[in-house]
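Proteins come first, then strands; the chains are lettered A, B, ... in the order of their sequence lines, and each starts at number 1.
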Amino acid sequence: METTEWMTAVLASDNLRSAWKRVKANKGAQGIDGVTIEDFPAHLRAHWGDIRRQLETGRYRPSAVRRVEIPKDDGGKRLLGIPTVMDRVIQQAIAQVLTPIFDPSFSASSFGFRPGRNAHQAIRQVQRHVKDGYAMAVDIDLAKFFDTVNHDVLMKILGRTIRDKALLALIGRYLRAGVQVGEHIEPNDIGTPQGGPLSPLLANILLNELDHELERRGHRFARYADDMVVLVKSRRAGERVMQSLTRYLEGRLKLKRNPAKSKVAKMSECGFLGFTIIRGKIRWLEKKLEAFKHRVRELTGRSWGVSMEYRLHKLGQYVRGWLGYFGISEYYRPIPELDEWIRRRIRMCHWKQWRWPRTKINRLLALGVSLKTAIQHGTSSKSCWHMARTPAMQQALNNDWFLAQGLPSIKTLWCQAQGYSSSPSEPTR
DNA sequence: GTCGCTCCAGT
RNA sequence: UGAACUGGAGCGAC
Ligand SMILES: Nc1ncnc2c1ncn2[C@H]1C[C@H](O)[C@@H](COP(=O)(O)OP(=O)(O)OP(=O)(O)O)O1
Ligand SMILES: [Mg+2]
């Protein structure tokens, strides 16, 4: 029997319990066996004994994944592979065991799908390199990344670290579980399912090879999933790096570049994670701002027949959430403009025609826009946008400072805003 | 401090 | 009804 501590750790009751908790919390759809999150506990009681034994003896056969196609931004379609609830739990349990083992070996420049790391850190790293004089970007995105992961390459890498043959074999079976298209099941010899809890970790383990190769060559870069930017000093160097990396990816990892999303250009002409770097400052991409405006138009449009409260609620949570991500933009010029734009939009659509109470409009404006931008840009909530944004100023920007300026405290402002953004129970339409 | 839910963003 | 990972904001319960 090949069962070692690895599989035992996967099957430990604590680990399985938290894995199930996570799968349940995601409230995902059923797999090909039709077992939903709700009837999983009963299903588990009936079959766990058998399945556990199969897992321990290395005989367990995962079910195929269910194929669902969803549209992508660029017009193409994304092929999801939805494992059964049982397989999602098992994969999650494996991921929880493997993450603490593999994650420490990952590159400091890898930011996607990793605990404690996010897109902001990735774009800030790019910014630092640009400021250090590496302004030319080799922007690479892989074609159909998850769908083209090579099993042999990945299994070899896994085998270097995972000593447990049963676990290794189980991961191999998950990779080759097949997909159900319509009525029949089709085998697959390539790819890891977009929808498998283990897939993001496997993706990082595979591209960890690339990260270390980049480090070995002394490159400055940031990677987020299959999206990466290598920063160099000249276009010549960029072209050379692009060529050699393309060769490395295709030769060693059997992965292809997405030519449409890959290029060598000044970082100010590249997009990464929704941002770009203009004159050393982080700024959101124009198309992201356009998407934001479009969404606000929808939310404030007259063709949406819902109650006032509901509309305010939805608008507030969208604006606040959006600024939570894009609010790290340091390019402050567009922000007052954006603030003004939202104000105009709200007044135009609703103040006159719909006779919104003035107080409600003011509270909405205070809610996600003025306040948040004011805090983040070191100015008062009265739109003193031209005030210097020195580090000392940032430091001084605390509650005391607000009060000293004769402004309401941050807490007061937030309480006002919260009263209109998230009532104890969600407002009705 | 530990869980539960609603959102937002990136991939 | 479209899975997953990660980060964030908020609310709620012990
Ligand atoms: N909802 C999702 N959106 C984007 N990426 C996802 C999602 N779920 C899983 N992923 C993973 C799988 C993708 O292979 C990987 C990279 O995303 P992305 O580059 O947008 O698509 P892709 O690499 O599959 O196709 P493309 O050829 O268009 O680049 O991130
Ligand atoms: Mg891609």
Side-chain angles (χ1 to χ4, degrees), chain A residues 17-19 21-32 36-37 65-74 77-85 87-89 91-92 95-96 98-99 103 106 110-124 141-142 144-146 179 192-205 207 222-228 258 261 271-275 284-285 288 291-292 295 299 313-329 367-368 371-372 375-376 414-415 417-427:
Chain A
R17 220 190 330 274
S18 64
K21 236 182 216 169
R22 165 59 74 83
V23 170
K24 185 170 58 152
N26 289 340
K27 296 189 304 190
Q30 65 200 26
I32 59 166
T36 63
I37 298 285
V65 297
R66 187 162 62 89
R67 169 67 76 234
V68 172
E69 294 177 5
I70 61 171
K72 272 194 299 198
D73 278 348
D74 59 18
K77 50 190 169 191
R78 164 164 273 115
L79 304 175
L80 299 181
I82 305 170
T84 64
V85 175
D87 286 324
R88 295 213 292 272
V89 173
Q91 280 193 42
Q92 179 67 36
Q96 287 171 2
L98 295 189
T99 296
D103 199 83
F106 289 166
S110 163
F111 295 94
F113 303 136
R114 290 182 62 187
R117 292 175 165 249
N118 58 37
H120 290 163
Q121 295 167 334
I123 191 69
R124 284 205 191 94
D141 188 284
L142 302 178
K144 305 245 164 286
F145 175 40
F146 277 33
V179 287
T192 184
Q194 303 189 39
L198 191 54
S199 295
L201 178 63
L202 296 180
N204 270 340
I205 291 171
L207 290 189
R223 183 176 69 79
Y224 193 104
D226 74 335
D227 205 353
M228 75 198 92
N258 181 342
K261 294 191 200 165
F272 186 53
L273 307 173
F275 297 98
W284 51 57
L285 292 173
K288 297 294 179 182
F292 173 79
R295 180 82 181 114
L299 289 168
H313 178 78
K314 285 296 180 194
L315 181 58
Q317 69 188 21
Y318 178 67
V319 170
R320 198 172 47 235
W322 194 88
L323 285 172
Y325 185 77
F326 288 104
I328 70 155
S329 169
L367 168 70
L371 176 62
K372 184 129 193 180
I375 290 169
Q376 282 172 345
W414 269 118
C415 289
Q418 291 319 311
Y420 276 84
S421 66
S422 48
S423 33
S425 60
E426 180 145 328

Under-3.5 Å N/O pairs linking protein and nucleotides 9-11 of chain B:
{"unit_1": "B/dG10", "atom_1": "OP1", "unit_2": "A/K288", "atom_2": "NZ", "d": "2.9"}
{"unit_1": "B/dG10", "atom_1": "O4'", "unit_2": "A/Y325", "atom_2": "OH", "d": "3.3"}
{"unit_1": "B/dG10", "atom_1": "N2", "unit_2": "A/Y224", "atom_2": "OH", "d": "2.9"}
{"unit_1": "B/dG10", "atom_1": "N3", "unit_2": "A/Y224", "atom_2": "OH", "d": "2.9"}
{"unit_1": "B/dT11", "atom_1": "O3'", "unit_2": "A/D226", "atom_2": "OD1", "d": "3.0"}

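- Nucleotide C/C5 holds its P atom 17 Å from the CZ atom of A/F145, rounded to whole Å.
- As a whole-Å value, the separation of A/H120 NE2 from C/G8 C1' is 8 Å.
- Within the nucleic acid shown, A/G31 has no heavy atom closer than 4.0 Å to any nucleic acid atom.
- In this structure, NZ of A/K24 is placed 19 Å from C1' of C/A3, rounded to the nearest angstrom.
- Nearest-nucleotide positions on RNA chain C place A/I70 closer to the 5' end than the other of A/R22 and A/I70.
- For the pair A/I37 and A/K27, the minimum side-chain heavy-atom distance is 4.5 Å or more.
- At a threshold of 4.0 angstrom between heavy atoms, the contacts of A/R67 with the nucleic acid are absent.
- Side-chain atoms of A/D227 do not come within 3.5 Å of backbone N or O of A/F272 as any donor-acceptor pair.
- A straight line from CG of A/D87 to P of C/A4 spans 13 Å, rounded to a whole angstrom.
- For A/R88, a side-chain nitrogen or oxygen approaches OP1 or OP2 of C/A4 to under 4.0 Å.
- Between the CG atom of A/N26 and the C1' atom of C/G2 there is a distance of 13 Å, rounded to whole Å.
- If you take NZ of A/K72 and P of C/G2, they are 18 Å apart, rounded to a whole angstrom.
- A/E69 comes within 4.0 angstrom of no nucleic acid atom, judged by non-hydrogen atoms across all strands.
- In this structure, A/K27 reaches the sugar-phosphate backbone alone: every heavy-atom distance under 4.0 Å involves primed, P, OP1 or OP2 atoms, never a base.
- Counting only residues at least two apart or on different chains, the side-chain hydrogen bond (donor to acceptor under 3.5 Å, both in side chains) pairs with a member in residues 111-123 of chain A are A/D103-A/R114.
- Closest approach to the A/N118 side chain among C/A3, C/G7, B/dC3 is made by C/G7 (side chain taken as heavy atoms from C-beta onward).
- Rounded to a whole Å, the CZ atom of A/R223 is 18 Å from the P atom of C/C5.
- Residue A/Q92 places at least one side-chain N or O under 4.0 Å from the OP1 or OP2 atom of C/C5.
- The side-chain contact (heavy atoms from CB on, under 4.5 Å) test applied to A/A19 returns A/V89, A/Q92, A/A93, A/Q96, not counting sequence neighbours.
- For A/K77, the salt bridge (charged side-chain N to carboxylate O under 4.0 Å, His left out) partners at least two apart in sequence or on another chain are A/E69.
- Rounding to whole angstrom units, CD1 of residue A/I37 and C1' of C/G2 are separated by 14 Å.
- Considering only residues two or more places apart in sequence or on other chains, A/R66 meets the side-chain hydrogen bond (donor to acceptor under 3.5 Å, both in side chains) condition with none of them.
- Legend: residues meeting side-chain contact (heavy atoms from CB on, under 4.5 Å) with A/N258, ordered by chain and number and at least two apart, are A/D141, A/A143, A/A260, A/K261.
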